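Right, one structure below, let's go through it.
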Amino acid sequence: MHSMTRTIPAPASSLYDDMEDEDNRRGPEPEDFHRLVRHLVADGDARAALAGRRARRTLAQMGATR
């Protein structure tokens with residue numbers, strides 16, 4: 001018995017996928033970025049406290065070079 005229905009393959013790419021790809025190329029949202037920075041600063045402060053430091057180090061103290 002033959003069926004009258006046909007399976008149509010799903011589209012490989014859609015407008016939604018293109019919009020999502022473009023958004024991902026832009027990078028993290030500002031709120032996400034600031035949340036990450038706050039987390040990293042808090043982690044650094046906690047590590048500094050364990051090492052006996054109270055103030056944050058400057059770039060010169062970290063040995064940063066240009």
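Along the sequence shown, residues carry numbers from 1. Every value quoted in this text rests on a predicted model; they were computed, and no experiment measured them.
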Query raised in the report: Asp23 and Met19: side-chain contact (heavy atoms from CB on, under 4.5 Å), yes or no, with the steps?
Result: CA-CA 6 Å; Asp23 185 54; Met19 290 170 53; over 6 Å; no
Notebook entry, point to check: Under a 4.5 Å cut-off applied to non-hydrogen side-chain atoms, are Asp18 and Glu22 in contact?
Noted result: no
Does the distance from a Lys or Arg side-chain N to an Asp or Glu carboxylate O, for Arg47 and Asp43, drop under 4.0 Å?
-> yes
Q) Mind checking whether Arg35 and His39 have side chains closer than 4.5 Å, heavy atoms only? A) no
One should read off an interatomic distance between Leu40 CG and Asp45 CG, to the nearest 0.5 angstrom, of 11.0 Å
One should read off an interatomic distance between Asn24 CG and Asp17 CG, to the nearest 0.5 angstrom, of 10.5 Å
